[in-house]
Amino acid sequence: EPEVTQTPSHQVTQMGQEVILRCVPISNHLYFYWYRQILGQKVEFLVSFYNNEISEKSEIFDDQFSVERPDGSNFTLKIRSTKLEDSAMYFCASSEALQYNSPLHFGNGTRLTVT
Amino acid sequence: SQQGEEDPQALSIQEGENATMNCSYKTSINNLQWYRQNSGRGLVHLILIRSNEREKHSGRLRVTLDTSKKSSSLLITASRAADTASYFCATASGNTPLVFGKGTRLSVIA
């Protein structure tokens, strides 16, 4: 069964550094998402992406964050200047149709640790 | 907020028993989805129930939806140790992003 893959599985970075989290969504999916989960907490929506542009973003997704689909397969999340509170699991997801009609397929996440 | 809230926060049962988890939400929805998350892994979609459906089955899973009470339940029958995970409900409304609850941590003891 096709799956969403994320790399790296674990990223340690120093406060103020830039990080890029990478995702390869399922190939025939059109909608892409980033969610994050602070340890033991709820899963929070960050951003959705369709047709090469952001379709929705949450208040968490401030100017420090950006997303890009640089080629036909990768979908990246960049955090420009990391803060301690950015430490979390970051999940990429994709879906065939808009998320309110179609289930999301999640990757296994990147654990980001900001020191 | 349309956020789903699961109840209980944690549930511990013996293998073979049934596990019931509940989800309540606040606003009207298009559909409600249940996901499972094994420790340190991504969420896996289990079942989607639309607002005009009342009950849905998938294997050992049974989901009900009561839109008048704004609540849903997930029943896992004949639980197994491998069912140990966190279970999340997520509500979809209009064109807003899927909103997840805080989850129920299920422990199935062999």
Side-chain angles (χ1 to χ4, degrees), chain A residues 1-7 9-10 21 23-26 29 31-50 54-61 67 88-113, chain B residues 1-7 9-10 21 23-53 56 58 61 63 65 74 85-107:
Chain A
E1 185 176 321
E3 57 182 27
V4 175
T5 56
Q6 290 186 244
T7 54
S9 56
H10 193 181
L21 310 184
C23 170
V24 179
I26 295 174
H29 286 185
Y31 299 83
F32 314 115
Y33 315 88
W34 285 99
Y35 282 78
R36 80 173 185 189
Q37 184 181 34
I38 294 170
L39 186 62
Q41 303 291 314
K42 62 183 178 181
V43 178
E44 300 176 296
F45 170 76
L46 293 178
V47 65
S48 59
F49 192 86
Y50 169 69
I54 291 172
S55 47
E56 295 278 347
K57 61 181 182 179
S58 71
E59 55 192 29
I60 301 170
F61 194 88
V67 289
M89 283 289 285
Y90 287 80
F91 293 104
C92 173
S94 68
S95 64
E96 289 180 315
L98 279 170
Q99 58 183 305
Y100 54 85
N101 279 329
S102 179
L104 302 187
H105 296 256
F106 283 83
N108 280 326
T110 293
R111 180 178 300 280
L112 177 64
T113 303
Chain B
S1 166
Q2 69 190 62
Q3 182 179 351
E5 293 289 343
E6 295 90 346
D7 171 60
Q9 289 187 352
M21 289 158 271
C23 171
S24 59
Y25 57 92
K26 295 178 181 175
T27 63
S28 61
I29 60 172
N30 294 330
N31 67 65
L32 186 144
Q33 304 178 29
W34 284 92
Y35 288 79
R36 183 187 74 224
Q37 183 183 34
N38 287 45
S39 181
R41 310 282 281 182
L43 285 82
V44 175
H45 179 261
L46 296 175
I47 202 160
L48 181 155
I49 186 165
R50 302 191 192 283
S51 59
N52 61 352
E53 296 175 310
K56 209 161 182 182
S58 176
L61 306 181
V63 167
L65 179 64
L74 170 66
S86 290
Y87 291 83
F88 295 85
C89 70
T91 52
S93 178
N95 59 357
T96 57
L98 208 58
V99 179
F100 287 84
K102 295 181 181 179
T104 292
R105 290 189 312 280
L106 173 66
S107 298

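- Applying the 6.0 Å contact sphere to CD of B:Glu53 captures more than 12 heavy atoms from other residues, nucleotides or ligands.
- Aromatic ring centroids of A:Tyr35 and B:Phe100 lie under 6.0 Å apart.
- Between atom CZ of residue A:Phe106 and atom NE2 of residue B:His45 there is a gap of 10.0 Å, rounded to the nearest 0.5 Å.
- Two residues are said to be in side-chain contact when any heavy atoms from C-beta on lie closer than 4.5 Å; A:Phe91 and B:Gln37 meet this criterion.
- Side-chain contact between B:Leu43 and A:Leu104: absent, with no pair of heavy atoms (C-beta onward) separated by less than 4.5 Å.
- In this structure, no portion of A:Glu44 lies under 4.5 Å from any heavy atom of chain B.
- Summarising the local packing, NZ of B:Lys56 is surrounded by more than 12 heavy atoms from other residues, nucleotides or ligands at distances under 6.0 Å.
- Of all non-hydrogen atoms in A:Lys42 and B:Gly101, the two that sit nearest each other are CB-O, 3.6 Å.
- A donor-acceptor contact shorter than 3.5 Å links the side chain of A:Asn108 to the backbone of B:Gly42.
- Taking the side chain as every heavy atom from C-beta outward, A:Val43 and B:Phe88 approach each other to under 4.5 Å.
- Across all non-hydrogen atoms, the minimal contact from A:Ser102 to B:Gln33 is O-NE2, 4.0 Å.
- Contact annotation: the side chain of B:Tyr35 approaches that of A:Pro103 to within less than 4.5 Å [non-hydrogen atoms, C-beta and beyond].
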